[in-house]
Trainee: 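Before I ask anything, let me first share the structure, which is written out below as structure tokens.
Order of appearance sets the numbers: ligands from 1, and atoms from 1 within every ligand.
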Amino acid sequence: MCSTFSVDSLPDLTGRVYIVTGGNAGIGYETIHGLASKGATIYLCARSPSKATTAITTLRSKLQNPDAPIHPLPMDLMNLSTIQTAVTTFLNRETSLHGLILNAGIMCTPWEESTDGYEAHWQTNYIAHYLLTYLLLPVLKETAGRCEAGVVRIVELTSGAWQMAKGPGIWFDQVALRDKEPFDRYCQSKLANLLHVRELQRRVGPKGGEEEEEGRGEVWVAAVHPGLVETGLSANYATTSILGRTLLKMGMGAPPDKGALGTLFAVASNDFKRDWSGSYMVPTAKKGWTWRWANDKDLQEKLWKWTEDQLRWKGFLGTSDRA
Ligand SMILES: NC(=O)c1ccc[n+]([C@@H]2O[C@H](COP(=O)([O-])OP(=O)(O)OC[C@H]3O[C@@H](n4cnc5c(N)ncnc54)[C@H](OP(=O)(O)O)[C@@H]3O)[C@@H](O)[C@H]2O)c1
């Protein structure tokens, strides 16, 4: 447990490269602020070029460093082809990736289908992040092979709302949940984020045991619930949920800089230990307890394979792509 964690306790991150989705606002923006304050190079993913430019300008001014290495990486999670393009752009510029932060999200937005035919929560929060991770796993693994154990990590933002998913947790036969409430669609997508991390842990995380060549080559992963944080995310929740409205009116949400601490701890702190990889993290910087679907290995693997098949069928993964 590390509830006294602060940005100051992070190590120097000069020379390390990070990608953060949803970097122009809220928790993602503050995550970038924390990483950049320690010298990291960051690729700020955003769907709006003007929002990306504004965010980078304000971050550099806060850091009092007009040359802080924060670069825009255009990406609209509602359009999977933009993820392929962003990965190509990134790989043309960098040969290392030390941290991937899957942060962008939407909650309780009105019904919408993506360019690729998926419901908006399912695509923005989950499918798009699965594809981004899949395409970046080779560079993450290569980087990990050149670094000390635990330097290379993937952090995915989930939410305590995963526990409120309904029925089978993941409704494989109707993932769009057209007949359910927007909050149900959010809960399912956040459960998928947690299941994704658990399966990543099995595929690329530490396996345990001393014989692992001191962990070289392994990628540490974590699913982070940031708590209730005052950001733009709650705009729709507050209008659709009595609970959301009440909690926010009572000022129960943390400011975004505090909301980003769990992510920063999981992605870069030396106090995040090897045997924490694969964990569900709750505020602040503590290991959370999981039950039911979150611990169901068959469900984790089924979701991975289902998503891989979908993306291959839609042409976003080549036949030679294997994670
Ligand atoms: N805030 C909370 O209380 C809370 C609680 C639990 C979990 N979380 C999780 O924390 C994460 C960050 O949320 P937040 O509170 O920081 O929300 P936020 O302030 O609303 O920020 C969300 C970010 O995601 C981006 N985004 C949304 N749709 C996108 C798309 N199609 N393509 C590219 N970027 C897109 C937004 O960009 P635009 O500015 O262009 O919309 C924004 O940068 C989410 O995954 C959320 O589920 C938050």
Side-chain angles (χ1 to χ4, degrees), residues 19-33 43-56 59 72-83 85-86 101-110 112-116 118-129 131-132 155-164 182-183 185-194 196-197 223-238 241 243-245 247-248 251-264 266 280-284 288:
I19 291 179
V20 182
T21 67
N24 61 280
I27 296 168
Y29 174 91
E30 292 297 342
T31 300
I32 293 175
H33 186 218
Y43 284 80
L44 181 158
C45 304
R47 58 179 153 180
S48 153
S50 66
K51 283 189 188 178
T53 305
T54 305
I56 291 171
L59 281 162
L73 190 59
M75 183 186 296
D76 181 356
L77 300 173
M78 285 287 276
N79 181 346
L80 295 176
S81 71
T82 70
I83 292 174
T85 306
I101 299 167
L102 308 164
N103 163 84
I106 54 170
M107 178 171 72
C108 298
T109 50
E112 190 185 349
E113 256 183 31
S114 73
T115 312
D116 310 292
Y118 295 107
E119 186 280 323
H121 290 81
W122 186 245
Q123 170 140 344
T124 305
N125 298 354
Y126 170 62
I127 288 252
H129 283 134
L131 177 62
L132 179 64
V155 171
E156 183 153 350
L157 274 283
T158 179
S159 161
W162 68 265
Q163 298 168 81
M164 287 179 259
F183 189 60
R185 298 195 266 273
Y186 180 71
C187 293
Q188 177 182 248
S189 70
K190 290 286 125 182
L191 172 61
N193 291 140
L194 178 51
H196 183 220
V197 164
V224 171
H225 165 48
L228 184 66
V229 186
E230 291 264 10
T231 66
L233 189 80
S234 50
N236 291 294
Y237 184 48
S241 145
L243 175 65
R245 209 163 36 232
L247 291 174
L248 290 166
M252 299 282 281
D257 61 332
K258 296 279 179 300
L261 288 176
T263 303
L264 288 165
Y280 168 58
M281 305 292 297
V282 296
T284 298

Trainee: List every atom of ligand 1 that sits less than 4.0 Å from any heavy atom of Ser159, numbering the atoms from 1 in the order shown and giving each element.
Mentor: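 Atoms satisfying the 4.0 Å criterion: 6 (C), 7 (C).
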Trainee: In terms of ring plane angle, is the pair Tyr280 and His225 parallel, tilted or perpendicular, where the classes change at 30° and 60°?
Mentor: parallel
Trainee: Give yes if a backbone or side-chain nitrogen or oxygen of Leu233 is under 3.5 Å from a nitrogen or oxygen of ligand 1, and no if not.
Mentor: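 Yes, there is a polar N/O contact under 3.5 Å.
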Trainee: Nearest to atom 40 (O) of ligand 1, what protein heavy atom do you find, and at what distance?
Mentor: Arg47 NE, 2.9 Å
Trainee: Verify whether one side chain among Asn125 and Ser189 offers a donor that lies under 3.5 Å from an acceptor in the other.
Mentor: yes
Trainee: Under 4.0 angstrom from ligand 1, any heavy atom of Pro226?
Mentor: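 Pro226 counts as a contact of ligand 1 under the 4.0 Å cut-off.
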Trainee: Tell me whether Val229 has any N or O atom under 3.5 angstrom from an N or O of ligand 1.
Mentor: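 By distance alone, the answer is yes.
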Trainee: Atom 5 (C) of ligand 1: which of Pro283, Gly105, Gly227 has the nearest heavy atom?
Mentor: Gly227
Trainee: Decide whether an N or O pair under 3.5 Å exists between Ile27 and ligand 1.
Mentor: yes
Trainee: What do you reckon, does Met107 put a non-hydrogen atom under 4.0 Å from ligand 1?
Mentor: no
Trainee: Does any N or O of ligand 1 fall below 3.5 Å from an N or O anywhere on Asn103, backbone included?
Mentor: yes
Trainee: Mind checking whether Ser48 has an N or O less than 3.5 Å away from an N or O of ligand 1?
Mentor: no
Trainee: For Tyr186, which part has a heavy atom under 4.0 Å from ligand 1: side chain, backbone, both, or neither?
Mentor: side chain
Trainee: So which bit of Glu230 gets within less than 4.0 Å of ligand 1, heavy atoms only: side chain, backbone, both or neither?
Mentor: neither
Trainee: Nearest 0.5 angstrom please: Thr115 OG1 to Asp76 CG, how far?
Mentor: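 If I round to the nearest 0.5 Å, the distance is 6.5 Å.
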Trainee: With respect to Ala46, determine whether any N or O atom, backbone or side chain, lies less than 3.5 Å from an N or O atom of ligand 1.
Mentor: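 N/O-N/O distance below 3.5 Å does not exist for this pair.
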Trainee: Determine whether more than 12 heavy atoms belonging to other residues, nucleotides or ligands lie under 6.0 Å from atom CE of Met164.
Mentor: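 Yes, CE of Met164 has more than 12 neighbouring heavy atoms, counting only those of other groups under 6.0 Å.
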Trainee: Look at ligand 1 and say whether Gln123 reaches it with a heavy atom at a distance under 4.0 Å.
Mentor: no
Trainee: Going by salt bridge (charged side-chain N to carboxylate O under 4.0 Å, His left out), name the residues that satisfy it together with Glu156, two or more places apart in sequence or in a different chain.
Mentor: none
Trainee: Please confirm whether Thr158 comes under 4.0 Å of ligand 1, counting heavy atoms of the residue only.
Mentor: yes
